[in-house]
Amino acid sequence: MCGIFGITLSSETTIGALLRRALERLEYRGYDSAGIAIVTPQGILIRKDAGKVAEVSSRYGFDQIRGATGVAHTRWATHGKPNQINAHPHSDCSGTIAVVHNGIIENYEELKSELIAKGHVFKSETDTEVFAHLMEEYERSGLTPWEAFKRALSRIRGAYALAVVDSREPNKVFFARNLSPLIIGVGDGFNLVASDIPTVLEHTNRVIPLRDGEYGYITPSSIVVEHDGVAVDISDRVQLIPWSADQALRGGYQHFMLKEIHEQPEALASTIAGLEPRRLSEVAEMLLNAKRVYVVGAGTSYYAGLTFQLGLIEYRIAAIPIISSEYSTYEGLFDVDDVAVAVSQSGETIDTIRAVRAMRERGVKVVAVTNVVASTLARESDAVLYTRAGPEIGVAATKTFTTQVALLAALHAQVGRIVGADVEPRMQGLKRLPEVVRKAIELNEGSAKALAERLKASASAYYLSRGLGMPVALEGALKMKEIAYVHAEAYPAGESKHGPIALVESKFPVIFVFSDPSLKEKLLNNVAEMQAREALTIGVVPRGDDVGKKLKYVFEVPHLDPLLNSAAFVVPLQLLAYYTAVALGRDPDKPRNLAKTVTVE
Ligand code: M6R
């Protein structure tokens, strides 16, 4: 979590405005506080405070500050409260060094005691500040800033993406990466470093994703990267990113989340057009030849993975679903001849990366399903299948869920093709999916908005389904709790009688997902049970199906097959969560306590 940015240009500009724009793009990674440090002829100028980027930047007049080199940070607090002192950048005693950091320096307490004993005075409670004092300490002993930076790096343990400016070397930004994501943006007359790709697109689409253990510095005209004291040749590592800067802007929508819900038809169309039959076929063969198959992911990506895992049962493949952060429980199973499908939008979620590393150490082959070219997951997997959803900025995953489901449905069909199943109907359905999702938005946006006005008064809601409808129910409930802060739980509908129904009383909202027609009758029994307790029953149902008559509120969605339905039936639930959040005055793009990419365990 946290977003960092650093840039050095060949000539002076209103760098404060440039840093502010970078922070606005990074803000989805954390929004407890924001800050910038700019190298000026008088030394380093730091402006930082608790609050969102727009507030902090207008409070301190970021846009008026000129300079050629600077770093910026938006924070998701780990060590120390979100206040001005703990906001980044952090500096040394003399104020000549400024550091921004994403990650956790695990041994900061011992380093801090050592530095305090040497006379350093600490201002904040953060782990990050030790890095500035460490560099200062080594500079005091006669090292150059570059030498001091390397020496300081050798002392810290943990996860970090770091960007550092030092007024003794005004045209450099030092950087380092271990576990937390960091990329270099390659420019003409400037170079930059940033936590993610959308942030660099305003300046360049040429990027070099850094690998763990790499560090170096940028100047306006050069890039130096080392690993373990040895220079790294980066000449063939520049990737051209096929996203435009506009894709990462709100484009007239009130929130990124709403924009991204509406972008789903295009995102699906791009993902489907970009399917690579040969790659799908290779991966399908891998799965069919595997002794064990795992499907691993976190949050929304895990739920998308569940659609695949449940779908594979059709071909008698018993895949094991693993929530990334729980991988160690399954570690004893991991073996050569096993294959894992690792699903992650960002390709940087630390839990998923850790799981994949543990699997590969034991010889498991890993297939990545990710949206980000050259992400850590993509680089560290044996095969990669890309969704082509474009940048997703809203913290709540929307278009990335539907594109993951679509891509995994295509992979599922490929497995079916090899085992001789008739997959033509599914492939036809896949082609129709973008249009079906467009229709799902058109048919349900108005009613989601209206129902949100009712749901905003509810403290809790249940999302019930069965079979392949369960991942949709889980995803719908996750959206509701993460952005509207309404307590929402998803259960297999039959399971609701084993405890959860005790909470149900008059007007308690219960949302049923009817995406699997074979389970309709049983699910209707559960509707009746809830109605007997006067629950407010809501359904996401196939368009035109008379099941709608049995429910108080209905969202109708054109029907495909139960696997593909996961991508379409989730749409009204995304809209319902979005409009409930808006009705409650929440900011759906920046839900409290969350960050888009979770880079701490
Ligand atoms: O980038 P990833 O797909 O690995 O992210 C996984 C989860 O952190 C993510 O899906 C999270 O659950 C979303 N905020 C949910 O909307």
Side-chain angles (χ1 to χ4, degrees), residues 1 3 28-31 76 179-181 195-198 255-258 260-261 264 267 295-308 321-327 340-357 366 368-373 375-378 380-381 384-387 389-405 407-408 463 471-472 474-486 488 490 570-571 573-578 581 586-601:
M1 345 268 245
Y28 71 92
R29 300 177 67 90
Y31 24 84
W76 188 86
L179 291 172
S180 304
S195 294
D196 69 13
I197 292 170
H255 296 104
F256 278 110
M257 181 176 175
L258 189 60
E260 287 158 3
I261 290 173
Q264 289 181 109
V295 180
V296 62
T300 294
S301 292
Y302 174 70
Y303 299 145
L306 278 186
T307 65
F308 184 62
I322 302 179
I323 292 176
S324 305
S325 55
E326 290 287 303
Y327 77 86
V341 177
V343 189
S344 170
Q345 183 283 128
S346 61
E348 302 293 349
T349 297
I350 191 71
D351 295 324
T352 305
I353 300 295
R354 289 261 196 231
V356 160
R357 286 181 183 163
V366 174
V369 172
T370 184
N371 193 39
V372 180
V373 174
S375 55
T376 304
L377 180 64
E380 296 195 12
S381 297
V384 188
L385 301 172
Y386 284 111
T387 50
E392 187 177 71
I393 309 295
V395 165
T398 51
K399 60 178 178 167
T400 56
F401 175 78
T402 44
T403 53
Q404 286 166 345
V405 170
L407 189 147
L408 290 166
Y463 288 65
V472 180
L474 286 158
E475 174 61 6
L478 176 62
K479 289 296 87 106
M480 184 60 89
K481 64 188 142 203
E482 93 176 300
I483 60 166
Y485 317 151
V486 172
V570 78
V571 169
L573 302 181
Q574 296 169 339
L575 288 164
L576 186 61
Y578 171 78
R586 326 274 195 228
D587 180 348
D589 285 342
K590 297 181 194 118
R592 68 184 178 206
N593 305 336
L594 290 176
K596 178 78 179 159
T597 308
V598 179
T599 53
V600 287
E601 269 182 296

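Just follow the structure's listing: the first ligand is 1, and inside any ligand the first atom is 1.
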Sub-3.5 Å N/O-N/O distance, Q404 and ligand 1:
no
In terms of residue, atom name and distance, what is the protein heavy atom nearest to atom 5 (O) of ligand 1?
T349 OG1, 3.4 Å
Check for a donor-acceptor pair, side chain of D351 on one end and backbone N or O of A298 on the other, with a separation under 3.5 Å.
no
Donor-acceptor check, side chain of T370 to backbone of S344, threshold 3.5 angstrom: yes or no?
yes
Would you mind checking which non-hydrogen protein atom is closest to atom 7 (C) of ligand 1, with the distance to 0.1 Å?
A298 O, 3.6 Å
Testing V295, L385, V341 one by one against L408 for a side chain to side chain contact (heavy atoms under 4.5 Å, CB included), which residue passes?
V341
Starting from atom 8 (O) of ligand 1, what is the nearest protein heavy atom, named by residue and atom, and what distance separates them?
V598 CG2, 4.2 Å
List the steps and the verdict of side-chain contact (heavy atoms from CB on, under 4.5 Å) for T398 and E392.
CA-CA 8 Å; T398 51; E392 187 177 71; 3.6 Å; yes
Consider every N or O of L478 and every N or O of ligand 1, then say whether any pair is closer than 3.5 Å.
no
Under 4.0 Å from a heavy atom of A396: give me the atoms of ligand 1 that qualify, with their elements.
16 (O)
Provide, to 0.1 Å, the distance between atom 1 (O) of ligand 1 and the closest protein heavy atom, together with that atom's residue and name.
S346 OG, 2.7 Å
Would you say the side-chain atoms of K399 pair up with the backbone N or O of A267, donor to acceptor, closer than 3.5 Å?
no
Using the side chain to side chain donor-acceptor pair (under 3.5 Å) definition, which of the options H255, R586, K479 pairs with Y578?
H255
The one among S301, A304, G347, G297 that brings a heavy atom closest to atom 3 (O) of ligand 1
S301
Atom 11 (C) of ligand 1 has as its nearest protein heavy atom T300 N, 4.2 Å
Polar side-chain atom of E326 near backbone of I323 as donor-acceptor pair, under 3.5 Å:
no
Indicate yes or no: does an N/O atom of V395 lie under 3.5 Å from an N/O atom of ligand 1?
yes
List the closest protein heavy-atom neighbour of atom 16 (O) of ligand 1: residue, atom name, distance to the nearest 0.1 Å.
E482 OE2, 2.3 Å
Counting N and O atoms only, with roles assigned by atom type, does the side chain of T300 sit under 3.5 Å from a partner on the main chain of A397, one being a donor and the other an acceptor?
no
Give yes if a backbone or side-chain nitrogen or oxygen of K596 is under 3.5 Å from a nitrogen or oxygen of ligand 1, and no if not.
no
Step-by-step side-chain contact (heavy atoms from CB on, under 4.5 Å) determination, L407 to V369:
CA-CA 8 Å; L407 189 147; V369 172; 4.1 Å; yes
Tell me whether ligand 1 is touched by K479 - counting only heavy atoms on the residue side and a distance under 4.0 Å.
yes
